[in-house]
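To start, the structure under review is shown below, and the notes come after it.
Bear in mind the structure is a predicted one, so any value in this text is a computation, not a measurement.
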Amino acid sequence: MAENEWLSKDFYKVLGVSKDASEADITKAYRKLARKYHPDLNKTKEAEEKFKDISEAYDVLSNKDQRQKYDAIRQFGMGGARFAGGSGQGGFDASGFSDIFGSMFGGGSGNGGTRIRFSTSGGGQPNMDDIFSMFGGGAGAGAGSPFGGARSEYQETPRPQQGADRKSKITLTFRQAVKGATVSLRVDGKQFKTHVPAGVEDGQKIRIPGKGKPGLYGGKPGDMYLTVHVKADPKFSLRGHDIVMDLPISVGQAVCGGKISATDIDGNDVTFKVPAGSSSGTEIRLSGHGVPGHDGDLVARVQIQVPSKPGLGIKHAAKEFDSATGDFVDKLAEGR
């Protein structure tokens, strides 16, 4: 059977084997079919034609070199390209490949070389990279292909992959953490700015989209995860969306109550109304003075303080105070 007729024959289908079948599988399939359709065993006209097809398929597929050439021709034919002799519009001078195409299609180089015209089902000029890849190897391939060139498998275009994420960290003052801040960061030598939201807490991670490592094959870049460290403040702390501070007062202020002035995180004057009879730990709130944009308060915790070195007069007054409270001191002792 001529090689230029191989395009119309599917020998694998004739033998009922896959395209990656081993030599043993091909031989086994042939023997099974031969016993079924051999003219000595099956006298029908259909069996005679079937046996002829089986023999042709086995002759090609059982020969390693013939099978390689058959696979290459079939692959090329299924790629949608057609050959037509002669020159003309879209012609391609294939004299350098005359031996290859001659062995495949029975043509010779002749005088002046073989001229082969490629035309594709979609029209236009052929893509030579695609044509060579159909033979199982690239242009300029070395040993190993069905025609003596290097064998290279077709590779699909890789799918887009998202870039890896980055990790970074930043240190903020307590006020920056409470109020929010715009900070400058640097990635791959390029500087950019990002906003840290108000009320961020120590150790909290902030996701910054698109500032990770670049994606591959057109994929999106990864993200950056920014870990925030907040410096401790000697006066203020954060509890949810509340800003908490201590409010030192005297014994008399605690007993009598009154308006106590203080300064908030911005250094502005604020006034707390201390109820009479307040004890250390009592909390007094100024509504709306917490984290901006949130339902938080400025919370003052009462801290009753006394002189570190009281004189005799103060000590005497303190004893008189305890005596005036009746059994208050005794009840405190019972609760300890």
Any luck finding a side-chain donor-acceptor pair between [X] and [Y] under 3.5 Å?
X	Y	answer
D322	T325	no
Y12	D71	yes
D264	H289	no
T263	K235	yes

ask   = Relative to each other, are the rings of F174 and F236 parallel, tilted or perpendicular (30° and 60° limits)?
value = parallel
request  = List the steps, then state whether side-chain contact (heavy atoms from CB on, under 4.5 Å) holds for V187 with R166.
outcome  = CA-CA 9 Å; V187 171; R166 296 181 192 267; 3.5 Å; yes
ask   = What is the distance from atom CD1 of I243 to atom CG of L298, rounded to the nearest 0.5 Å?
value = 6.0 Å
ask   = Rounded to the nearest 0.5 Å, what separation is found between the CD1 atom of I206 and the OG1 atom of T194?
value = 7.5 Å
Would you call [X] and [Y] a salt bridge, taking side-chain N to carboxylate O under 4.0 Å as the test?
X	Y	answer
E283	R239	yes
R175	D233	no
D242	R285	yes
K231	D202	no

message = Quick check: closest heavy atoms across I314 and P307, and the distance to 0.1 Å?
response = CD1-CG, 4.2 Å
ask   = Can the positive tip of K259 be found less than 6.0 Å from the middle of the six-membered ring of F272, inside 45° of the ring normal?
value = no
